[in-house]
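Only heavy atoms go into these numbers, but all of them, side chains included; no hydrogens, no water, no symmetry mates. All values derive from a computational prediction rather than experimental measurement.
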Amino acid sequence: MSERKDPRTTREALIIEALGDIGELINRIEMLQVLTAPFLAELEKTQMDTIAVIEKHASNQQSEFSVFTEQEGRAFEQKLQASMEKAAKHLENAGRRMASELERPPGLSLWAHISIALAIAGLTSVDEHLRNLGNSQ
């Protein structure tokens, strides 16, 4: 028995037509994929190139930042060292003055008392300054 190729009902005719349209759409999609493949490949290459450029730029920025922070760190250490040396000299001088004042006979002059009071105040101020420097690190 051979089957009939002609549709028997309108419904069968519409189904056959829809299947033909679906087949045509599939063919168009396949052609579109073939046509767009080079563009997609170029887009992917461009994307990879862009990522490489961004990564290189980020690496360069990171290197520059490392150099900058290293330089600033050294400069800070030098300034801190100079400040500490200056404070140490002030402490040493104040200590000498206090020692010389303490060696004087019991009847210290008014100026000696004022000098001792100023030296103590100066030492307290320097000590507080050094503590603040230490806490800021």
Side-chain angles (χ1 to χ4, degrees):
M1 292 207 273
S2 66
E3 291 186 28
R4 290 178 52 193
K5 293 186 180 183
D6 294 329
R8 288 182 282 162
T9 64
T10 306
R11 181 174 181 222
E12 287 180 2
L14 289 173
I15 291 173
I16 291 171
E17 187 177 335
L19 289 175
D21 290 345
I22 291 172
E24 180 65 27
L25 287 174
I26 290 172
N27 289 339
R28 285 183 179 180
I29 289 171
E30 288 173 351
M31 282 194 321
L32 187 60
Q33 286 176 335
V34 169
L35 292 173
T36 58
F39 296 114
L40 291 175
E42 182 64 28
L43 181 62
E44 186 176 341
K45 181 186 179 309
T46 302
Q47 182 182 18
M48 297 305 287
D49 292 346
T50 303
I51 289 170
V53 167
I54 290 171
E55 286 176 345
K56 183 178 179 186
H57 180 70
S59 177
N60 289 343
Q61 290 297 315
Q62 186 177 15
S63 296
E64 288 177 18
F65 184 72
S66 294
V67 168
F68 173 76
T69 55
E70 188 176 310
Q71 290 171 346
E72 288 300 312
R74 275 188 255 130
F76 177 75
E77 286 175 5
Q78 290 171 351
K79 288 179 183 178
L80 180 61
Q81 184 65 32
S83 294
M84 290 175 63
E85 288 172 3
K86 186 176 179 181
K89 285 180 185 177
H90 286 296
L91 282 172
E92 186 178 334
N93 290 338
R96 278 194 214 123
R97 279 182 269 157
M98 286 177 64
S100 68
E101 289 294 327
L102 291 175
E103 291 174 1
R104 290 183 183 219
L108 296 176
S109 68
L110 175 64
W111 290 111
H113 286 289
I114 292 172
S115 296
I116 290 172
L118 289 175
I120 291 171
L123 284 173
T124 304
S125 174
V126 168
D127 184 43
E128 185 176 312
H129 179 69
L130 287 175
R131 286 183 188 179
N132 288 339
L133 277 176
N135 289 337
S136 67
Q137 292 179 353

J.: Distance check, rounded to the nearest 0.5 Å: I15 atom CD1 versus T9 atom OG1?
T.: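 One gets 7.0 Å once the value is rounded to the nearest 0.5 Å.
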J.: Any donor-acceptor pair under 3.5 Å linking the side-chain atoms of Q81 with those of E77?
T.: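 There is no such pair (donor and acceptor under 3.5 Å, judged by atom type) between the side chains of E77 and Q81.
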J.: Could you grab the distance from atom CG of L25 to atom CG of L32, nearest 0.5 Å is fine?
T.: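 One gets 11.5 Å once the value is rounded to the nearest 0.5 Å.
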J.: For S125 and A121, indicate whether the former's side chain and the latter's backbone hold a donor-acceptor pair under 3.5 Å.
T.: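 No: the side chain of S125 does not pair with the backbone of A121.
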J.: Nearest 0.5 Å, please: how far is CD in Q71 from OG in S66?
T.: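 If I round to the nearest 0.5 Å, the distance is 11.0 Å.
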J.: Is R28 salt-bridged to E24, going by a charged N under 4.0 Å from an acidic O?
T.: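 Answer for the salt bridge query: yes.
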J.: Does the side chain of R11 come within less than 4.5 Å of L14's, by heavy atoms?
T.: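 Contact flag for L14/R11 side chains = no.
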J.: Distance from F68 atom CZ to E64 atom CD, nearest 0.5 Å?
T.: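 Taking CZ in F68 and CD in E64, the distance rounds to 11.5 Å.
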J.: Return each pair, listed once, that meets side chain to side chain donor-acceptor pair (under 3.5 Å) where at least one residue sits in residues 40-56; pairs must be two or more places apart or across chains.
T.: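 The answer is K45-D49.
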J.: Rounded to the nearest 0.5 Å, how far does CG of L40 lie from CD of Q33?
T.: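 Reported to 0.5 Å precision, the distance equals 9.5 Å.
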J.: Once you round to the nearest 0.5 Å, how far does CG of D21 lie from CD1 of I26?
T.: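 Atom-to-atom, D21:CG and I26:CD1 are 11.0 Å apart.
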J.: Is the count of non-hydrogen atoms from other residues, nucleotides or ligands lying under 6.0 Å from Q62 atom CD greater than 12?
T.: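 Counting other residues, nucleotides and ligands, CD of Q62 stays at 12 neighbours or fewer.
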